[in-house]
Amino acid sequence: MLFIDCRKMISFYKFFCLFLLILKYHHLCAADPTDGFTPVPLTEDNFVLQKPYNEPLDDRYSYKDGVRSFWIYNHDKPFKADSTTRPRSELRISGHDYSSGIWQFEGYTYVPSGTSGVTIVQIHGAAEGATSLQLRMYDGDIKYYKYNVVATDLYDKWFRVNIIHNVDKGKIIVFIDGVKKFVVKDQGPGDLYFKCGVYAAPENSSNFMESKWKEIKLYKK
Ligand SMILES: *[C@@H]1O[C@H](CO)[C@@H](O)[C@H](O)[C@H]1NC(C)=O
C-alpha cells in the first residue's frame, strides 16, 4: 500500500515539475513573428545605400563577414548637397511594391553604448511627413520617435528586430527578440519601404552614432 502511494506521489511530483517547466519556458515555444509569412528573396541589388554626400561610402559603411556597419558623426552632411535633412548612413530595401499586403522586416542589430539620438530602423513613407515609423536609440532604450519606450537596456548586445506592417489595415507591430513590444497605427499610404542603419534624430544626438546589422530579411503574407 505504502509502495503504491509512493509511486503516485512520484508521478504527481513529476507532473508538477513538468507543469513548472512549462510555466517557465512556454515563451520559448510561443509563436514566432514570422509564422505564416513567406520569405521574399533579397539580393545586394535590393539594398540601396545612402551616406553623407561628401564622404566615400567606405568611410561610413562596411560589410564584412555578414555584418553591415553604419556610422555617422553628428555634424556630417546630409545625403544630398541640396537637402536640409540630418546625416545618415542607411540601407533601404527597394525593388518591391509595398502599397498593399502585409510586410515584415527582420534583422539583428547591435548598437554600441554612447550612440544616442538616432533612428536605427524605420518605415519610410506616410500620407503626410516622411515616415510611418522610426525606432530610435536614446541612452540604451529604443523609442517610437522620441515618445513611447519600446524596449530598454539594449546597448552592446545583438538583438532581433521584427516589424510587421499590415498596409491593408494600417497597423504596425514591433517585436524585440521575438516579443511583441509595441503596436501603433501607420500614417497612411506613401512611398513605403523599410530602412535601417543610422539616421540622426532632430536633437540630442551623440557625436558618433553606429548600428550594426546582420541577417536582414523581408517577408510577406
Ligand atoms: C533631449 O535633451 C533634453 C535636455 O537634456 C531633454 O529634456 C529631453 O527629454 C531629451 N529628449 C529626448 C527625446 O531624449
Side-chain angles (χ1 to χ4, degrees), residues 33 49-53 55 60-61 68-80 83-93 104-166 170-188 190-213 216:
L49 297 162
Q50 289 180 327
K51 44 97 187 160
Y53 71 85
E55 301 288 348
R60 294 294 183 275
Y61 169 80
R68 299 172 197 273
S69 298
F70 305 83
W71 66 94
I72 49 167
Y73 296 88
N74 192 28
H75 297 295
D76 274 346
K77 302 281 189 209
F79 74 113
K80 283 191 300 197
S83 170
T84 57
T85 59
R86 299 276 287 138
R88 69 187 75 188
S89 172
E90 282 188 299
L91 172 159
R92 150 187 167 194
I93 305 179
Q104 181 170 178
F105 167 91
E106 178 179 67
Y108 290 79
T109 186
Y110 180 104
V111 183
S113 65
T115 285
S116 195
V118 62
T119 295
I120 58 165
V121 57
Q122 57 175 305
I123 298 175
H124 180 279
E128 282 175 39
T131 64
S132 287
L133 173 81
Q134 286 191 343
L135 294 181
R136 294 188 191 163
M137 172 60 86
Y138 287 103
D139 299 322
D141 300 340
I142 298 291
K143 289 185 176 174
Y144 171 71
Y145 295 90
K146 61 178 182 177
Y147 308 112
N148 316 52
V149 175
V150 173
T152 59
D153 196 19
L154 291 169
Y155 272 153
D156 300 327
K157 58 179 94 158
W158 285 99
F159 59 94
R160 181 184 177 209
V161 178
N162 291 76
I163 301 169
I164 295 175
H165 187 187
N166 187 328
K171 187 176 164 188
I172 296 168
I173 310 173
V174 177
F175 300 78
I176 302 294
D177 284 333
V179 179
K180 190 195 280 190
K181 291 288 194 179
F182 189 66
V183 181
V184 71
K185 281 170 73 170
D186 74 3
Q187 296 180 42
D191 180 17
L192 298 171
Y193 49 84
F194 294 102
K195 295 180 93 173
C196 64
V198 278
Y199 175 42
E203 53 187 15
N204 295 13
S205 297
S206 52
N207 179 50
F208 178 74
M209 293 162 255
E210 182 182 25
S211 72
K212 296 175 191 288
W213 287 87
I216 296 168

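The figures here come from the full heavy-atom set of this structure, side chains too, leaving out hydrogens, waters and symmetry mates. Counting convention: from 1, in listed order, for ligands and their atoms alike.
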Is any side-chain heavy atom of I123 closer than 4.5 Å to a side-chain heavy atom of D186?
no
For the residue pair F208 and Y73, does the interplanar ring angle fall in the parallel (under 30°), tilted (30 to 60°) or perpendicular (over 60°) class?
tilted
In this structure, which one of N162, I216, I164 forms a side chain to side chain contact (heavy atoms under 4.5 Å, CB included) with E106?
N162
For the residue pair D156 and S113, what are the closest heavy atoms and their distance?
OD1-N, 2.9 Å
Does NZ in K157 sit with more than 12 non-hydrogen atoms of other residues, nucleotides or ligands closer than 6.0 Å?
yes
First-shell residues of ligand 1 [heavy atom, distance under 4.0 Å]:
Y138, K146, N204
Checking R60 now: which residues fulfil salt bridge (Lys or Arg N to Asp or Glu O under 4.0 Å) with it, not counting sequence neighbours?
E55, D76
